[in-house]
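To start, the structure under review is shown below, and the notes come after it.
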Amino acid sequence: MHVDRSLRAAQVPAPTRVIEIGEVTAGIAVPEHGGVRFFSSQRDFDPLDGTVFGSVEQAARAARERFRARSGARGRPVQDRRLRAV
């Protein structure tokens with residue numbers, strides 16, 4: 001039996017994707033009708049939990065924006081605080 005490739009591709013669900021910001025795991029994007037649903041893995045990303053995005057890229061962008069907003073000063077370079085002899 002021959003199955004048209006376009007039909008076969010439509011039947012295979014897209015894989016669940018892990019969204020990471022640097023070394024921080026923000027959550028996962030689970031495919032569903034109309035896009036992907038985001039499930040947070042850390043409290044910083046809980047406001048995004050359950051949101052349906054049009055694509056994995058949109059979910060990742062929202063997670064990055066949330067990370068930047070939450071990190072605030074933590075996202076800036078740290079000044080050298082070592083004691084120095086003068």
Side-chain angles (χ1 to χ4, degrees):
M1 177 176 177
H2 176 71
V3 177
D4 183 7
R5 285 185 186 193
S6 62
L7 290 175
R8 197 172 6 166
Q11 295 171 352
V12 176
T16 297
R17 304 291 299 266
V18 175
I19 297 178
E20 296 177 326
I21 315 300
E23 294 183 12
V24 175
T25 302
I28 58 173
V30 179
E32 68 172 45
H33 183 69
V36 296
R37 186 174 300 271
F38 180 84
F39 293 94
S40 68
S41 63
Q42 292 192 20
R43 288 188 178 186
D44 285 347
F45 302 98
D46 280 354
L48 302 175
D49 194 62
T51 304
V52 177
F53 294 94
S55 68
V56 173
E57 291 78 18
Q58 289 176 350
R61 187 177 314 119
R64 280 192 303 273
E65 290 170 3
R66 179 81 186 153
F67 181 77
R68 285 186 195 121
R70 295 286 298 163
S71 62
R74 288 181 282 165
R76 295 187 192 125
V78 177
Q79 292 179 353
D80 189 0
R81 296 183 183 147
R82 291 180 289 180
L83 296 175
R84 296 174 192 231
V86 280

Determine all donor-acceptor pairs shorter than 3.5 Å in which one atom belongs to a side chain in residues 13-27; sequence neighbours excluded.
none

Return the minimal non-hydrogen interatomic distance between [X] and [Y], and the atom names on each side.
X: T51; Y: P47; answer: OG1-O, 4.3 Å
X: V36; Y: A59; answer: CG2-CB, 4.3 Å
X: R66; Y: L48; answer: CB-CD1, 4.2 Å

List in chain and number order the residues that pass side chain to side chain contact (heavy atoms under 4.5 Å, CB included) with S55, two or more places apart in sequence or in another chain; answer none if no residue qualifies.
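So S55 forms a side chain to side chain contact (heavy atoms under 4.5 Å, CB included) with E57, Q58.
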Non-neighbouring partners of R37 that pass side chain to side chain contact (heavy atoms under 4.5 Å, CB included), sequence neighbours left out
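R37: side chain to side chain contact (heavy atoms under 4.5 Å, CB included) contacts with E32, F39, V52.
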Restricting to pairs with a member in residues 45-55, which pass salt bridge (charged side-chain N to carboxylate O under 4.0 Å, His left out), not counting sequence neighbours?
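Qualifying pairs, neighbours excluded: none.
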Kindly assign one of parallel, tilted or perpendicular to the pair F67 and F45, based on the angle between their ring planes and the thresholds 30° and 60°.
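Correct class here is parallel.
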